[in-house]
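First comes the structure, then the notes that go with it.
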Amino acid sequence: MNSKMLQYVLKRVLLALLTIWIVITVTFFVMHAVPGGPFIGEKAISKEAQAALEAKYGLDKPLMEQYTTYLKDIVTRFDFGPSLKQRGRMVTDIIADGMRTSAKLGVIAACIAAFIGIVLGAVAALRRNTVLDKTIMVITTAFVSMPSFIMGSLLLVLFSVTLKWVPANGASAGGLILPVITLALYPMAYITRLTRSSMLDVLGQDYIRTARAKGVSRRRIIFGHALKNSLIPVITYFGPMLAYITTGSMVVEQIFAVPGIGRQFVSSITNRDYTMIMGTTIFLATMIVIMNLVSDLLYKVVDPRIEFE
Amino acid sequence: MINMKKPFSLQLDPDAFRPATAEEKEYISRMRPSSTFFRDGWKRLMKNKVATVSMILIIVITLSCILIPLFWPYSYDAMLGVRPGKPVDSSFNNLAPFTYGKTELKRIEEGESVFPHIFGTDAHGRDYFIRIVFGTRISLAVGFFASIIVLLIGLIIGSIAGYAGGKVDLFIMRIVDIIYSLPDMLVIILLAVVLGRVLNLEGTILEKIGSNIISMFIVFGLLYWVSMARLIRGQILSLREQEYVLSARATGAKGSWIIRKHLLPNCISVIIISTALQIPNAIFTESFLSFLGLGVNAPMPSLGSLASDALNGLNTYTYRLIIPAAVICLIVLSLNLFGDGLRDAFDPKLNA
């Protein structure tokens, strides 16, 4: 690792930290700009009870003090405070609970998407302009233009309501099949298109011609030269894919009633559970920022041609 | 014609000495009518069948969602079973397509003609077809205006950063970098939650549009301009080193003049293409937010909120989900294909 690279890594890490800090700050102040505060909506609450509640949650202190306490708690103890609506539970615990399901869902979906996407993309590129290639491209274009909630609802109608193959409730084991498919379809279609175009690009390169002229077998050209090099753009998609899967999981978990973090987030929005909204936003945002950072750095490592600016 | 068989005799063709007619003059002065950049691109666009069909589809959808409400006898928020002074007639709720409520059936027996409910009615007895039309109108309008906002902000900031360079550029690009690395959907949800409650629009013209849509525009304006600004900055950075910019500056042209008259027209194709591709993006986001219940305010439908409402009665009224879903897919798909066609037709780099 030379000094230029170190400098680049350092710069990116600092930018990521700055972004996370901004997310926390913006989230905090924006949420506190809501008029009335979190307890106004409660029915028939006396002045004293409200004051007691605010004292309990530290809402009676000056805003800047609340902010520094909040920031300190997150950094030192990863503590987002108690949930306002789910009595007696900490936001961190709720997030951890939800993440167990969501992470499982996300990882399986990402693996399926990457595997099928790369295979389909490579096949489409190698069989360029055939019926197979065109079919793959038409189907993936359709998938890319379909919002995840529509995809999820349609799958639900088809497989749970009409055919009754799988249960509609995502809490059971068999019920996770449809949410995983729904989450995987968009990134799969995207990776297919990405792999196809970069594979076509690589197949036109001189070193492929050289390899062919040397008499290297077709299999080695495809797997040793073409596929390996055409996967570089796919790696950059890793970060956005994670962002898609985490935000996509909000609607998907809502549709299939999966008890994951996305569903918690949506219900905290409808319940106006402010600490929960803040905690989940900050947590998910941090995760996305870190993953984007990792995939960016990885990209530079995999492709030595890229210069560090 | 000169007779080549007798090379030394001077043989003249008297026709060659006749004064030229107006037609011939025209022919000499212009070998063929010159073509502007737009006419060129337009021609290429028309040759692309997929893009043409998508464009026609978009125009048809847009026109029909503007024109149909003008003559349709039902309105999107009128609950047909509710009459002033009478108990609610629940026979109007959840009508299947082409069926009628009790009072309507009576009127048909009496020989009156009643306008059919093509897609039936929803759980509150509202004509579903007109709700779909209105939802499409809202979604298209959000997509269109959001892209315009993004375009304007991105254009101004991007061209300033690109033209000014130096510290101004560095400062703006740092901000762009940070906004770019923010997870957009989460910030949009957060802002939509809060702005929907903070904004007080009572008594203004904007009240009718609803605070949620306004907050959506604000959010788009705040977040999505960055990629447009980046794009335009990059274009301008490469263009401002051109000689004609130097000559304009040498003759004393001001910065804003150079940007408006020389630099922006030269990156117009990039601007058009990315604005066109921004529209489906905004429609996507709008339907996503509406689906989460953060989109349009209650009686107003949007395609996302219609799909989300349909989830409750999914087993019995599947078509209520299928219809808005199909419309969204159709709009987004044709806008995407049209945008791709625009890029192929107008991107000068691809023509070379």
Residue among B:N336, B:I283, B:L321 with most heavy-atom pairs under 4.5 Å to chain A: B:L321
Side chain, backbone, both or neither of B:F288 within contact of chain A (heavy atoms, under 4.5 Å): both
Part of B:A307 lying under 4.5 Å from any heavy atom of chain A: side chain
Pair A:S102-A:R263, side-chain donor/acceptor within less than 3.5 Å: no
Residue pair A:T140 / A:T192, side-chain donor-acceptor N/O under 3.5 Å: no
Please identify, among [options], the residue contributing the most non-hydrogen atom pairs under 4.5 Å to chain B.
options: A:I20, A:V26, A:L284, A:T280; value: A:L284
options: A:V23, A:N292, A:T27, A:L154; value: A:T27
options: A:V251, A:I22, A:T281; value: A:V251

A:F80 side chain reached by A:T275 side chain, heavy atoms, under 4.5 Å: no
Within-4.5 Å side-chain heavy-atom neighbours: B:L231 and B:S227: no
Contacting region of A:V30 [heavy-atom separation from chain B under 4.5 Å]: both
Per-residue contact mode, A:M151 against chain B (heavy atom under 4.5 angstrom): neither
Pair B:F119 and B:Y319, ring centroids less than 6.0 Å apart: no
Cation over ring face, B:R131 and B:Y128, 6.0 Å, 45°: no
